[in-house]
Engineer: 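Questions regarding the structure given below will be posed in turn.
Treat the numbers as computed from the prediction; the structure is a model and nothing was measured.
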Amino acid sequence: GFNMIYFLAALQNVPEELLEAASLDGAGPWQRFRHVVLPEVLPVVSFVVLLSLLGSFQLFELPFILLGGPGPDNRGLTIVMYLYQTGFVTGDLGYASAIGWMLAFILGTFALMHRLWLRKEEDEEDGDEDEKTREALAEAFKKNVSTKDGSEGGGAGEQPPECKKQ
């Protein structure tokens, strides 16, 4: 239920112009979904997957209340319930603290991997646009810039600073 609000917002955020252009280009419903809607919604899908993964690792109260603890043969035992049993039932607070730190490390690693994956995608998209912009500026510089004597080029053969790769 809660994740559907994210999906609804993502679907409403897909530009109608892209869907219309794909339709005019002859794309069918499946092709429009695969090539237009899915790439636009993919960041939200990855965010919802990350939230669900983090939430599943933190599950405690539902099996604890429904099963009255870990359940028969520990079938409802989650990592947070194991932490609770270790720290508060058996009284081994040091081991429970280590479990908590490892859980925090694992969840932090998942969040960091998700962030790096999103940053990599953003950099790839920006890199393609930056390269095209640099090429267009360099081409315009070569064609349109002339020296005082009427010869083409930028004089010493250098590109303007905005055309150079950083």
Engineer: Looking at every heavy atom in both Leu59 and Thr78, which two are closest together, and how far apart are they?
Structural biologist: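 Shortest heavy-atom separation between Leu59 and Thr78 comes out as O-OG1, 2.7 Å.
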
Engineer: Which atom pair, heavy atoms only, marks the closest approach of His114 to Ser46?
Structural biologist: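 What the structure gives for the nearest pair is NE2-OG, 3.1 Å.
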
Engineer: Going by side-chain heavy atoms closer than 4.5 Å, which hydrophobic residues are tied to Ile99, directly or by a chain of links?
Structural biologist: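 Grouped by the 4.5 Å side-chain rule, Leu50, Leu53, Leu54, Phe57, Phe60, Phe64, Leu77, Ile79, Val80, Met81, Tyr82, Leu83, Tyr84, Phe88, Val89, Tyr95, Leu103, Ile106, Leu107, Phe110, Met113 form the rest of the cluster around Ile99.
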
Engineer: First locate atom CD of Gln12, then atom CZ of Phe7, and finally report the distance between them rounded to the nearest 0.5 Å.
Structural biologist: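 One finds 14.0 Å between CD of Gln12 and CZ of Phe7.
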
Engineer: Quick check on the hydrophobic clustering: are Leu112 and Val49 connected, directly or via other members, by side-chain heavy-atom contacts under 4.5 Å?
Structural biologist: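 Different clusters.
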
Engineer: Hey, are the side chains of Ser97 and Trp101 touching, using non-hydrogen atoms and a 4.5 Å cut-off?
Structural biologist: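 SC-SC contact between Ser97 and Trp101 confirmed.
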
Engineer: How would you list all residue pairs meeting salt bridge (charged side-chain N to carboxylate O under 4.0 Å, His left out) that involve residues 91-106, not counting sequence neighbours?
Structural biologist: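 Every pair satisfying salt bridge (charged side-chain N to carboxylate O under 4.0 Å, His left out) with a residue in residues 91-106: there are none.
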
Engineer: Side chain to side chain contact (heavy atoms under 4.5 Å, CB included) with Leu67: which residues, sequence neighbours excluded?
Structural biologist: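 Leu67 satisfies side chain to side chain contact (heavy atoms under 4.5 Å, CB included) with Pro63 once adjacent residues are dropped.
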
Engineer: Nearest heavy-atom pair of Gly26 and Gln31: which atoms, and what distance?
Structural biologist: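 What the structure gives for the nearest pair is O-OE1, 4.0 Å.
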
Engineer: In the hydrophobic clustering (ILVMFWY, side-chain contacts below 4.5 Å, transitive), which residues join Leu93, or is it alone?
Structural biologist: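 Once heavy-atom contacts under 4.5 Å are chained together, Leu93 still belongs with nothing else.
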
Engineer: Over all heavy atoms of both residues, which pair between Arg32 and Ala27 is shortest? Give the atoms and the distance, please.
Structural biologist: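 Of all heavy-atom pairs spanning Arg32 and Ala27, the closest is NH1-O, 3.2 Å.
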
Engineer: What is the distance from atom CG of Asn13 to atom CG of Leu8, rounded to the nearest 0.5 Å?
Structural biologist: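 With rounding to 0.5 Å, CG (Asn13) is 11.0 Å from CG (Leu8).
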
Engineer: Check whether Ile5 and Val14 end up in the same hydrophobic cluster, where Ile, Leu, Val, Met, Phe, Trp and Tyr are linked by side-chain heavy atoms less than 4.5 Å apart.
Structural biologist: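 Different clusters.
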
Engineer: With clusters defined by side-chain heavy atoms of hydrophobic residues (ILVMFWY) lying less than 4.5 Å apart, directly or transitively, does Leu116 cluster with Phe105?
Structural biologist: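 Per the 4.5 Å side-chain linkage, Phe105 and Leu116 are not co-clustered.
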
Engineer: For Leu24, give me all partners under side chain to side chain contact (heavy atoms under 4.5 Å, CB included), at least two apart in sequence or on another chain.
Structural biologist: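 Leu24: no side chain to side chain contact (heavy atoms under 4.5 Å, CB included) contacts found.
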
Engineer: With salt bridge (charged side-chain N to carboxylate O under 4.0 Å, His left out) as the rule and sequence neighbours excluded, what pairs involving residues 66-80 come up?
Structural biologist: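 For residues 66-80: Asp73-Arg75.
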
Engineer: Once you round to the nearest 0.5 Å, how far does OG of Ser23 lie from CG of Leu18?
Structural biologist: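 Those atoms lie 12.5 Å apart.
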
Engineer: Provide the closest heavy-atom pair for Phe33 versus Pro39 in the form atom of the first, atom of the second, distance.
Structural biologist: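 Heavy-atom minimum between the residues: O-CD, 4.4 Å.
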
